[in-house]
Amino acid sequence: MTESYIPTLREVPAEAELISHQYMLRAGLIRKSAAGIYTYLPLGLRVLHKIMNIIREEMNKAGGQEILLPIMQPAELWHETGRWDDYGEEMFKLADRNQRQFCLGPTHEEIVTALVRIDVRSYKQLPIRLYQIQNKYRDEIRPRFGVIRGREFIMKDLYSFDRDEAGLEKSYQLMYDAYSRIFSRCGLQTCPVEADSGAIGGDTTHEFMVLGDAGEALIVYCQDCDYAANVEQAECLYQKPEKAALHPLKEIPTPNVSTIEELTAYLDISPSRFIKTMIFLADNKPIAVLIGGNHKINEIKLQKAVNCTKLELADPATIETVTNAPVGYAGPVGLQIPIIVDYSAAGIVNGISGANKEDTHLANINFERDYIPTKVVDIREAQAGDPCVRCGGTLQTARGTEVGQVFKLGTKYSIPLEAKFLDENGKEKPLIMGCYGIGVSRTMAAIIEQHHDEDGICWPVSVAPYQTVIVPVNYEDEKQRQTADHLYKLLTESGIETVLDDRKERAGVKFKDADLIGYPIRITIGPRQLKEGNVEITVRESKEQIVVPVAEVHNQLLTLLS
RNA sequence: CGGGGCGUAGCGCAGUUUGGCUAGCGCGCCUGCCUUGGGAGCAGGAGGCCGGAGGUUCAAAUCCUCUCGCCCCGACCA
């Protein structure tokens, strides 16, 4: 260890907020090079390799074949699928000396499809499942949480090519199952959730979430069945309108009261009685969006509902032009722009919304009587307490970090890139694709989030950088040194990954570092036990200690590590 | 990109409001002594273009302008 590069830090670097980020820096696993870009130090790299090997084993078992695609990719391919522009600012773009355009691959669908179209001609060659473990580059708006959202990160991505939907279904299921095994072998508890496919595309997709408060994603899950979904995707049920007599419209003065929160307090009426009217710009054209006052708009669902490529909240000037009133007093009655109505708003009888007039709201607004909806759709964000779309049970929310995602892509890439094959009837067909990613570097952080205590990391044996650390209390002591050297040699030769802390440090320092780094097993060699020919074995996670004769250490370890 | 904050020794920070002598503290690092079961003690030491550029001033870590970087919240995203 005196010759190892394991620089631990006593103090928490100011930049790190998440536990996993702090421990990765302190335990000497990573060092930052720029925002969202990290160097892996020897211990960090060992963990990474452990995770990669688990992934490789499971991918190979599931019919995957490893390849290595280029990081630098020509722009032409991305133009063919339209993603050169669609991916937008998030892509690192560069030009060579002749001004040919390239990007640093944020993902590899284009290039792998272009590969397969060269060589695959016949249904007899299918299915094909190719994967790689490779760096990805995404110019994130905001890199954060250390390695969890980096601009350079390591991903395993597998692409499946099948002849038909049934084949895709099989590939998808194989990957789904492999992912469950991979994460469980890494010691991670994950929860697969239905998700939105974002810039990758396709219809069916699941994300594998590591649950925890630090997670960036919000998910909903059903208490009564196994339904779980990212809120980006989670559907909400249509609610039947209340049955009540319709009252005539009535203006109510609301001076300087415009937010739902203020209105609730000012009028002493529950938020669910309000119809929130928001003005958006969909491809730069204003639309009004109506939603129940106690709900939030899910912009992803909204964007799909209005089928636009750019969606943003309207600026105050636009709102004033459209509603003839300052921000905060928009309502559906009399609006001359398309009105998109969420289920939650459509069901409100005698609702309250803005009057399109400064300092005024309108009461007793009713669907179809007072405004004609352009569309009635599900565009709200699911929330705790909602009924489950599957079984009607009650939904709960939780936070999660996404460590993997599986997509059914279909022909989104094979058609524009003309990746085709001949079926047994000699008919030309596009390949049916799926893609399956695991954030490898992020997985490492997620494991720490789930396996740590106040002293440091508690690595699961399967991914620990080393399984065992030998700590002689005083390595200068002749007897201790002999025992330590003997055990180190014995264990190493028997295939147990072992570190010998031969540093000239006081025992406390060595213990602290061992706990911080999180070796699953520590063997302590001290004068007290050594007098009797014994050493102490400590299990990091449980802190359980046993005293064993030197001769039995090896056997004990085999038991503890299995 | 909007809002907030921070750049001073490897790490954590003080000093900046109110300009003023050689820029400090803790940890870490080096040497020696001592110590050796949970981040010891004593003594000595090395280490700074005070993020960068320009300006104001007799004088700038400190004031002004510009710039670069980093962190947090949001929008966006895996």
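Hydrogens, waters and symmetry mates are skipped; everything else that's a heavy atom, side chains included, is used. These numbers come from a predicted model, not from an experiment. Order of the sequence lines fixes the chain letters, A, B, ..., with proteins taken first and strands second; residue numbering starts at 1 for each chain.
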- prompt: Can a side chain N or O of A:R142 be found less than 4.0 Å away from OP1 or OP2 on B:C76?
  reply: no
message: Any non-hydrogen side-chain atom of A:Y40 less than 4.5 Å from a side-chain atom of A:I154?
response: yes
message: Let's see if you can work this out: which of B:U36, B:G39, B:G37 has an atom nearest to the side-chain heavy atoms of A:A507?
response: B:G37
- prompt: Taking atom P of B:G12 as reference, at what distance in whole Å does atom CG of A:L9 sit?
  reply: 8 Å
message: Below the 4.0 Å mark, does B:G12 have OP1 or OP2 next to a side-chain nitrogen or oxygen of A:R10?
response: no
field: Gap between atoms OH and C1', on A:Y87 and B:C76 respectively (whole Å)
entry: 12 Å
task: Give a yes or no on whether the ring-centroid distance for A:Y38 and A:F153 is below 6.0 angstrom.
output: no
- prompt: Which sits closer to the 5' end of RNA chain B, A:K504 or A:R442, going by the nucleotide each is nearest to?
  reply: A:K504
query: So, is A:R506 near the phosphate of B:A40, with a side-chain N or O under 4.0 Å from OP1 or OP2?
result: yes
query: Is there a side-chain polar atom (N or O) of A:R144 under 4.0 Å from OP1 or OP2 of B:C73?
result: yes
- prompt: B:G39, B:G37, B:C13: which one has an atom nearest the side-chain heavy atoms of A:A14?
  reply: B:C13
- prompt: Considering heavy-atom distances to RNA chain B, does A:L530 or A:V147 have its closest nucleotide positioned more toward the 5' end?
  reply: A:L530
- prompt: Ring centroid separation for A:Y176 and A:H206, is it under 6.0 angstrom?
  reply: yes
- request: Take atom CZ of A:R149 and atom C1' of B:C71, then tell me their distance rounded to the nearest Å.
  value: 16 Å
query: Side chain of A:E536, base of B:G37: donor and acceptor closer than 3.5 Å?
result: yes
- prompt: Among B:G37, B:C76, B:G12, which is the nearest nucleotide to the side chain of A:P13?
  reply: B:G12
- prompt: So, is A:K510 close to the B:U36 phosphate, meaning a side-chain N or O under 4.0 Å from OP1 or OP2?
  reply: no
query: Would you say the side chain of A:R26 and the base of B:G39 hold a donor-acceptor pair, judged only by whether the two atoms sit under 3.5 Å apart?
result: yes
message: So if I take every side-chain heavy atom of A:I141 and compare against B:C1, B:C71, B:C29, which nucleotide ends up nearest?
response: B:C1
- prompt: Does A:R185 come within less than 4.0 Å of A:E58, counting only side-chain N to carboxylate O?
  reply: yes
- prompt: Could one point to a donor on the side chain of A:R522 or the base of B:G38 with an acceptor on the other under 3.5 Å away?
  reply: yes
Side-chain-base donor-acceptor pair under 3.5 Å for A:D515 and B:G38: yes
query: A:Y5 has an atom OH; how far is it from atom C1' of B:C29, in whole Å?
result: 14 Å
message: Ignoring hydrogens and geometry beyond distance, is the side chain of A:E11 in donor-acceptor contact with the base of B:G28 at under 3.5 Å?
response: no
- prompt: In whole angstroms, how far is the C1' atom of B:G74 from the CG atom of A:L313?
  reply: 12 Å
message: Check this for me, if you would: do A:E235 and A:K301 make a salt bridge, where the nitrogen-to-carboxylate-oxygen distance has to be below 4.0 angstrom?
response: no
